[in-house]
Amino acid sequence: MPEAEFSDVLALCGLAALFASPLWCIAVVVKLVSVVLPGRRPDRAVHLSRWSAGMAAAAAVGCYLLSSGAVAFAEHESRSGADSSPAPACRGEGVPRETRLHLVTHRASYFPPGFDCVLDDGTTYESSGVYDTLNTCVVVFAVGAGVLAASAGFAAARRDRDRARKVPGADGDPAGFRVTPRTTSGTMAE
């Protein structure tokens, strides 16, 4: 896929993530309300940890799509139109006039997402601070999803061990008796 088509697809994915983020927020609020209401499931801790891990992973993907979509939009804006060079993202209000006079080109990066402006002496500066914020959110949500998924796994294993201790014969013997395995010689093992 050519570079231009790839960035256009990322820009569209970024827009989709932007429109889906209110739905994500509504789902989180509804889940938080359902946690405090009476009549909760007995295994709610494991279920809530798994659900939270999934939502944190969705937030990480959404933040990545938002930031890469913003990069794709800035790149698209810098290659189309009469006023596209140097990149409009590099000519913002906060950039001094002297710096704008030395702009040569830009560099777009999708992993991690960023849009850097290149000056004639080879130095670069970031076009916007939003990329650092969104990249930090991606890392925080991804690590949070991993921690929540691991804690859900440990909680489920602990729950299963506790259930096995309470039920007689949970080790597979319906009568609850312990059977001693035989050795190859035919005598009973101790």
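- Within the hydrophobic cluster formed by Ile, Leu, Val, Met, Phe, Trp and Tyr side chains joined at under 4.5 Å, directly or through other members, Val30 is accompanied by Ile26.
- The CG atom of Leu66 sits 6.5 Å away from the OG atom of Ser21 when rounded to the nearest 0.5 Å.
- Taking OG from Ser68 and CD from Glu75, the interatomic distance works out to 11.5 Å, rounded to the nearest 0.5 Å.
- Rounding to the nearest 0.5 Å places CG of Asn135 at 9.5 Å from CZ of Phe111.
- Minimum interatomic distance between Gly62 and Ala17 (heavy atoms only, all atoms of both residues): O-CB, 3.8 Å.
- Across all non-hydrogen atoms, the minimal contact from Tyr131 to Ala74 is OH-CB, 4.1 Å.
- Nearest heavy-atom pair across Gly144 and Ala56 is C-CB, 4.4 Å.
- Between the side chain of Trp24 and the main chain of Met55, a donor-acceptor pair closer than 3.5 Å is present.
- Rounded to the nearest 0.5 angstrom, Phe115 CZ and Arg107 CZ are separated by 11.0 Å.
- Side-chain contacts under 4.5 Å among hydrophobic residues (ILVMFWY), followed directly or transitively, place Val147 together with Val139, Val143.
- Rounding to the nearest 0.5 Å places CG of Leu119 at 11.0 Å from OG1 of Thr105.
- Criterion: ILVMFWY side-chain heavy atoms under 4.5 Å apart, direct or through other members. Under it, Val138 and Phe141 are not part of a common hydrophobic cluster.
- The two residues Pro113 and Tyr64 come nearest to each other via the heavy atoms CG-CE1, 3.5 Å.
- To the nearest 0.5 Å, atoms OG1 (Thr123) and NE2 (His102) are separated by 9.5 Å.
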